[in-house]
Engineer: 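Please find one structure pasted underneath; my questions will follow.
Side-chain atoms are counted along with the backbone in the values below, which use heavy atoms only and exclude waters and symmetry mates.
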Amino acid sequence: QVHLVESGGGLVQAGNSLRLSCAASGGTYDMGWFRQGPGEEREFVAAISWSGNKIHHADSVKGRFTISRDNAKNTVYLQMNSLKPEDTAVYYCGVAYGVTQNADEVKYWGQGTQVTVSS
């Protein structure tokens, strides 16, 4: 079992920034960020390989969000700039054995961190 802990969410005004963190216990993995709004399906946001050399961002966040990692800390980050109200969701960190944009391929999930963007 891989334990993941997300942090960094909060309430911000549109146009502002947040940085989310996801700390993974005991290893280095291919990881990603997904988000889920009220009554919506969990959707892909960004993914990064264990080494950091493979990175993907969803079209909806390209140019605004950046995924990165610090393997010395077993931590993955999501820098979110130019936030929009439609970014409001619970953001989840996940581990998969391969870089994926498919939530069904995620093997382990964190508990999520709420991001709320006001207009």
Engineer: Which heavy-atom pair separates L4 from A24 by the least distance, and what is that distance?
Structural biologist: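 For L4 and A24, the tightest heavy-atom pair comes out as CD2-CB, 3.5 Å.
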
Engineer: Find the distance between OG (S119) and NZ (K84) and round it off to the nearest 0.5 Å.
Structural biologist: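 Going from OG on S119 over to NZ on K84, the span is 14.0 Å.
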
Engineer: What about V95 and I55, same hydrophobic cluster or not, with Ile/Leu/Val/Met/Phe/Trp/Tyr joined at side-chain heavy-atom distances under 4.5 Å?
Structural biologist: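 Cluster IDs for V95 and I55 match.
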
Engineer: Q114 side chain to G9 main-chain N or O, any donor-acceptor pair under 3.5 Å?
Structural biologist: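 No, because the side chain of Q114 does not come within donor-acceptor range (under 3.5 Å) of the backbone of G9.
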
Engineer: Parallel under 30°, tilted from 30 to 60°, perpendicular over 60°: which one fits the rings of Y92 and W109?
Structural biologist: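 Judged by the thresholds at 30° and 60°, the geometry between Y92 and W109 is perpendicular.
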
Engineer: Give me the atom names and distance for the closest heavy-atom approach of A14 to P85.
Structural biologist: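 Result for this residue pair: CB-CD, 4.1 Å.
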
Engineer: Do N71 and T28 have side-chain atoms, one donor and one acceptor, less than 3.5 Å apart?
Structural biologist: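 Result is no, nothing qualifies.
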
Engineer: How long is the gap from NE2 on H56 to OG on S49, to the nearest 0.5 Å?
Structural biologist: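 Reported value, rounded in 0.5 Å steps: 9.5 Å.
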
Engineer: Is it true that F44 and F34 have ring centroids separated by less than 6.0 Å?
Structural biologist: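 That pair passes the under 6.0 Å test.
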
Engineer: Would one find more than 12 heavy atoms of other residues, nucleotides or ligands at under 6.0 Å from atom CD of E43?
Structural biologist: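 Yes, enclosed.
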
Engineer: Using the side chain to side chain contact (heavy atoms under 4.5 Å, CB included) definition, which of the options V45, T113, V115 pairs with L78?
Structural biologist: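 The residue from V45, T113, V115 that satisfies side chain to side chain contact (heavy atoms under 4.5 Å, CB included) with L78 turns out to be V45.
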
Engineer: Looking at every non-hydrogen atom in both residues, tell me the closest pair between Q79 and N81 and how far apart they are.
Structural biologist: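 Closest heavy-atom pair between Q79 and N81: NE2-OD1, 3.0 Å.
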
Engineer: In the single-linkage hydrophobic clustering (I, L, V, M, F, W, Y; side-chain heavy atoms under 4.5 Å), do L83 and L11 co-cluster?
Structural biologist: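 No: no chain of side-chain contacts under 4.5 Å links L83 to L11.
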
Engineer: Does the side chain of R19 come under 3.5 Å of the side chain of Y77 through a donor N or O and an acceptor N or O?
Structural biologist: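 No donor-acceptor contact under 3.5 Å links the two side chains.
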
Engineer: Determine the sole option in V76, T66, N53 for which the side chain to side chain contact (heavy atoms under 4.5 Å, CB included) test with I48 is passed.
Structural biologist: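 Considering V76, T66, N53, a side chain to side chain contact (heavy atoms under 4.5 Å, CB included) with I48 is found only for V76.
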
Engineer: Start with the C-alpha gap between E86 and T88, add the side-chain angles, then the distance that decides, and say whether side-chain hydrogen bond (donor to acceptor under 3.5 Å, both in side chains) holds.
Structural biologist: CA-CA 5 Å; E86 51 262 45; T88 295; over 6 Å; no

Engineer: So which atom in A47 and which in T100 form the shortest heavy-atom distance, rounded to 0.1 Å?
Structural biologist: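 Of all heavy-atom pairs spanning A47 and T100, the closest is CB-O, 3.6 Å.
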
Engineer: Any donor and acceptor pair, going by atom type alone, linking the side chain of R42 with main-chain N or O of D104 inside 3.5 Å?
Structural biologist: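 Not at all, since once roles are kept as given, no pair shorter than 3.5 Å links the two residues.
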
Engineer: Around atom CD of E41, are there more than 12 heavy atoms from other residues, nucleotides or ligands closer than 6.0 Å?
Structural biologist: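 At most 12 heavy atoms, drawn from other residues, nucleotides or ligands, come within 6.0 Å of this atom.
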
Engineer: List the steps and the verdict of side-chain contact (heavy atoms from CB on, under 4.5 Å) for S21 and E6.
Structural biologist: CA-CA 6 Å; S21 298; E6 302 101 331; over 6 Å; no

Engineer: Please round to the nearest 0.5 Å and tell me the distance separating atom CD1 of I67 and atom SG of C93.
Structural biologist: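 Atom-to-atom, I67:CD1 and C93:SG are 7.5 Å apart.
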
Engineer: What's the shortest heavy-atom distance between S17 and S82, and which atoms?
Structural biologist: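 It is OG-N, 4.2 Å.
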
Engineer: Please name the pair of heavy atoms, one in A96 and one in V106, separated by the smallest distance, quoted to 0.1 Å.
Structural biologist: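 So the two residues come closest at CB-CA, 4.2 Å.
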
Engineer: Checking H57 against R64 for the side-chain contact (heavy atoms from CB on, under 4.5 Å) test, could you report, in this order, the C-alpha distance in whole Å, the side-chain angles of both residues, the deciding distance, and whether it holds?
Structural biologist: CA-CA 10 Å; H57 296 90; R64 300 189 299 120; over 6 Å; no

Engineer: Going by an N to O cut-off under 4.0 Å, is there a salt bridge joining D59 and K62?
Structural biologist: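 Yes, D59 and K62 are salt-bridged.
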
Engineer: Honestly curious: do Y97 and W33 fall in one hydrophobic cluster under the side-chain, below-4.5 Å linking rule?
Structural biologist: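 They do share one cluster, since a chain of ILVMFWY contacts under 4.5 Å joins Y97 to W33.
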
Engineer: Any salt bridge between K54 and D30, counting N to O under 4.0 Å?
Structural biologist: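 Looking at D30 together with K54, the answer is no, because their closest N to O distance does not fall below 4.0 Å.
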
Engineer: Let me check something: do V12 and M80 share a hydrophobic cluster, defined by ILVMFWY side-chain heavy atoms less than 4.5 Å apart, either directly or through other members?
Structural biologist: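 Both belong to a single hydrophobic cluster.
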
